[in-house]
Amino acid sequence: MMLDVQGLRTGYGRIPILNGVSFTVKVGEFIGILGHNGMGKTTLLKALMGYLPATGGLVRFDGDDVTAAEPYQRARLGLGYVPQGREIFSGLTVYDNLRMGCTKQAGSERDTIAEVLEEFPRLKPLLDRSGGALSGGEQQLLALARCLCGKPRLVLLDEPTEGIQPSIIDEIVEILLQQRNKSGLTMILVEQNLDFIAALSKRILIIQKGTITREVRPDDLGDPSLVGEFIGITT
Amino acid sequence: MNARTLNFLGMGLVGVIGVAFLILTPRFAELDAVLELTIYMIMAILALSLALIWGYGGILCFGQSAFFGLGAYTYAIAMFNIGESTVPLLLAIALPAAFAALLGYFVFYGRISDVYLGVITLTVTLILFNSVNSTAGPEFHIGVARLGGFNGIPGIPPLNYPGNRTAVIDLEGMFYLSTAALLAIYFGLRLLLASRFGRIIVGIRENERRAELLGYDPRAYKLAIFTIGGALAGFAGCLFANWGNFVSPTIFGLAQSAQIIIWVIVGGRGTLIGPIVGCIGIQWLTTALGANQPSGSDWWTRLLANAPLVLGIILVAFVLLVPKGLVPTLGDFGQWLLRARTRRTTSALEPKQAEER
């Protein structure tokens with residue numbers, strides 16, 4: 001089991017957001033998480049990453065109990081996180097951004113970056129540019145590439161398609177599928193773009209009021225009534 | 001010309017000017033000028049310590065003068081007790097570094113945010129000022145060294161060559177030592193910042209949360225850079241105690257703390273050469289204005305004789321008009337000139353190409 005979450009609770013200050021989330025993710029599995037705005041999707045990822053402290057429950061990553069671990073410790077263990085809004089280092093060049101991502105082996109930075117860049121041809125001509133000068137789509141690709149430079153085993157992706165041109169969305173789908181086939185990457189994806197989530201996930205968890213209420217298959221997303229009821233998106 | 005070659009060119013230029021300055025000054029300048037330049041070099045080392053932790057680490061520390069003063073007092077006290085300068089010199093670096101590490105541990109691991117960090121470091125400085133200030137009586141002594149309170153400690157023995165306490169370093173030697181140390185520290189910091197460690201420090205300054213989520217512990221890195229800054233300030237303090245053979249609690253005072261920050265603001269945050277230039281420029285100006293006694297009763301001569309007022313105007317002007325600081329603004333201007341030249345040459349080429357087609 002790659003990730004085992006049992007009854008995870010967290011919140012901001014005294015306001016509880018997650019009221020006992022439980023699910024498991026197998027190695028190489030791509031999981032989608034859908035829900036209304038404000039149901040706790042991003043909060044769940046932040047809690048998994050350790051950025052919000054867990055007030056209850058258990059998180060096991062690859063057999064290790066990481067419930068109380070600091071974010072940087074989880075990242076070292078192989079949890080990669082691409083947050084909403086991308087958060088690249090806008091003052092650093094694209095290349096330096098990627099170097100910051102190479103947290104694992106200090107020695108072979110150049111090889112790691114070259115390897116990752118093979119998958120991101122769009123970034124290659126931009127290496128000397130500063131991160132802030134890239135378009136939104138390019139920044140998203142950079143955030144993803146930087147995450148892959150750390151050789152994560154499980155990637156948490158928070159709304160990667162938000163405000164991004166369709167051609168780059170297709171590229172992201174392709175890159176992620178390739179990573180799964182090549183290196184057995186596992187992924188948890190929070191998303192509101194139904195096509196994107198259907199193209200990538202095997203199972204989709206529906207989150208409502210801080211708990212997981214239902215699990216659906218990607219085909220079910222073609223049913224407008226079900227989508228309207230559980231996800232709050234009318235198509 | 002790309003950024004990397006410009007960078008190397010700049011470093012080479014600093015090296016050549018620095019070495020030329022080091023070798024030529026004592027041959028051509030009078031002794032009082034050399035003495036004056038020595039203090040500029042010492043203060044420039046202090047400016048570098050803040051340039052490192054504020055400009056690159058993003059830690060706004062009002063307390064560099066605390067480490068500076070601790071270095072000076074440590075050297076003085078150890079020197080009276082030991083008499084040979086090798087150990088006091090090392091202590092004057094190690095003790096402020098340890099103090100910075102202890103303070104930094106509580107601040108960074110307690111996750112105290114930037115503004116409070118400024119307040120805490122300033123408070124520590126003032127606590128040191130007040131405590132040292134009130135140790136005037138003969139009952140306050142460490143070993144044979146009397147702390148002297150607000151009177152300070154006069155007659156501090158100068159540095160000597162390691163191991164030989166009779167071979168004292170003279171005034172000219174102090175100039176060589178300070179200038180060489182400044183150059184060594186400048187290039188050492190350039191190396192440090194070009195390394196993986198330096199890159200991570202800048203990454204943390206840019207976006208601390210992001211760096212943490214990537215797998216770096218920002219607290220440990222900030223603590224490390226803060227400790228290095230403390231050690232450098234302590235070393236500068238040791239040289240300062242040597243320069244005047246005297247140290248007093250004003251070294252911990254508010255004016256001293258603010259001055260270091262002003263050097264960095266005027267010279268330019270995020271560069272190393274900027275704060276050096278800012279420090280030397282402002283000190284030179286302070287000295288020049290201080291020497292300028294009002295000779296007439298015109299309003300401008302009286303204004304120019306008021307050094308704090310002129311310096312204040314300069315600081316306000318810099319914050320409002322040149323917020324990036326002197327060196328980064330000059331760099332931008334140079335790049336603009338370069339671009340303007342290439343633009344002219346390319347526009348001159350265009351008709352020719354059209355003809356060929």
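Note that the coordinates shown come from a computational prediction; the quantities given were computed from them, not determined experimentally.
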Minimum-distance pair of heavy atoms, taken over all atoms of A/Y72 and B/Y216
CB-O, 3.3 Å

Give me the contact list for residues 46-54 of chain A versus chain B, heavy atoms only, anything under 4.5 Å, ordered by residue number.
A/K46, A/M49, A/Y51

Can you tell which part of A/I88 gets under 4.5 Å to a heavy atom of chain B, answering side chain, backbone, both or neither?
backbone

With a sphere of 6.0 Å drawn around OH of B/Y116, does it hold more than 12 non-hydrogen atoms of other residues, nucleotides or ligands?
no

Heavy-atom count around B/F333 CZ within 6.0 Å, excluding the residue itself: above 12?
no

Flag side-chain contact, heavy atom, 4.5 Å: B/R196 against A/E109
yes

Scanning both residues in full, the closest heavy-atom pair of B/I200 with A/M100 reads CA-SD, 3.8 Å

Below 4.5 Å, heavy atoms only, C-beta onward: do A/P71 and B/R209 meet side chain to side chain?
no

Heavy-atom proximity to chain B below 4.5 Å, by part of A/E70:
side chain

For A/R74, is it the side chain, the backbone, both or neither that has a heavy atom under 4.5 Å from a heavy atom of chain B?
neither

Write down the atom of B/N207, the atom of A/F89, and the distance for their closest heavy-atom approach.
O-CE2, 3.5 Å

Heavy atoms of other groups near A/K124 NZ, more than 12 under 6.0 Å
yes

Surrounding CD of A/E174 (heavy atoms of other residues, nucleotides or ligands, distance under 6.0 Å), is the total greater than 12?
no

Highest number of heavy-atom pairs under 4.5 Å with chain B: which of A/R99, A/R76, A/Q73?
A/R99

